Amino acid sequence: QSQSSQIIGVIVSDIVYDFFPPLVRAIEDYVSRHDFALFLCNSDENPVKEKRSVNLLVEENVAGVIMAPTVEENEAIELLLDARIPVVTVDRRVKNYTSVDSVVIDNAKAAFQLVNHLVANGYRRIGAVVGSPELYTARERCVGYRQALEHHGIPIDPAIIATGTPTFENGYTLTLAMLQQDDPPTALFTSNHLLASGAFKAIKELELTIPDHIALVTFDNSSWTELVDPGLTVADQPTLELGNIAADLLIQRIENPDRPYQNLSLIHISEPTRPY
């Protein structure tokens, strides 16, 4: 293999999504201290676009790649491994993650905490609007939601569980449909802030108030979650820490390709404080 460049590739689903800017910023700060520059790509949760980005990074002979993979059966990662380019997955894992380093948060535990918080505040009919089941994070968060209900002996009702691509539009349409059912939920768990913002629009449109008519909890401390009154209860992810660890794992892998692989799961997550 020819000498690799001093460029690190980073692939995220969408840099506009509030979770990613601080993550990418932390990665850039870290790798720049080791004399690497950053090449950023957006996959738009599209495996074809992700693969195209990876092919471009392979052509550029990047020193390594940090990515939030679109799917767990991931061909793009295989391309990187075939090209002997070190790769670290962040926020999500892939099926064959034993041959790549990864760092994620304990999504199931964080979701459990959020739903547990709702139950502690007297809610029992708790709906869920979560991302697509093929997304690692969404599926893990749904597991935590279900575990919390089971833990409290609350029956799981498929009628108030909706899944879809984690977008504002889906948050809106899925929530609108759910709240117009004969027996709507009195609280709603959403798996990211885009879905939550769409859910919030639907709640407002139906002239319901939080928390009098419905409670709403979510992941990711987006600025709007504090600006609305009352502010929402949020599981705030340690994005800077995730970015730093991902960058550190990649630099270590570049410097020592034969070291054992590490798959880290952070359970540091801020406890929800408000009852809505």
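Position 1 is the first residue of the sequence; numbering continues from there. In this text, all values refer to a predicted model and were calculated from it rather than measured experimentally.
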Of the non-hydrogen atoms in Ile105 and Pro238, which two are nearest, and what is the gap between them?
CG2-CD, 3.9 Å
Residues Ser102 and Asn263: side-chain donor-acceptor under 3.5 angstrom
yes
side-chain contact (heavy atoms from CB on, under 4.5 Å) with Leu216: of Leu208, Leu118, Thr190, only one passes, and it is Thr190
Got a sec: does the CD of Glu207 have more than 12 other heavy atoms crowding it under 6.0 Å?
no
Between the main-chain N or O of Thr165 and the side-chain N or O of Ser132, is there a donor-acceptor pair closer than 3.5 Å?
yes
So which heavy atom on Asp101 is nearest to which on Arg259, and how close?
OD1-NH1, 4.0 Å
Thr70 and Glu50: side chain to side chain donor-acceptor pair (under 3.5 Å), yes or no, with the steps?
CA-CA 7 Å; Thr70 54; Glu50 178 183 63; 2.8 Å; yes
So, for Phe19 and His193, is the gap between ring centers shorter than 6.0 Å?
no
Between Arg33 and Asp29 (salt bridge meaning N to carboxylate O under 4.0 Å), is one present in this structure?
no
Any chance CD of Glu75 has more than 12 other-residue heavy atoms, nucleotides or ligands included, within less than 6.0 Å?
no
Quick one: does Arg125's side chain have a donor or acceptor within less than 3.5 Å of a partner on Asp183's backbone?
yes
Exam field: side chain Asn46 to backbone Asp44, donor-acceptor pair closer than 3.5 Å
no
Below 30° counts as parallel, above 60° as perpendicular, anything between as tilted: where do the rings of Phe189 and Phe219 land?
perpendicular
Is the side chain of Thr167 donor-acceptor paired with the backbone N or O of Asn170 at a distance under 3.5 Å, no angle test?
yes
Can you tell me if CZ on Arg25 sees more than 12 non-hydrogen neighbours from other groups inside 6.0 Å?
no
Of all heavy-atom pairs linking Leu23 and Leu242, the shortest is CD1-CB, 3.6 Å
Going by an N to O cut-off under 4.0 Å, is there a salt bridge joining Glu72 and Arg139?
yes
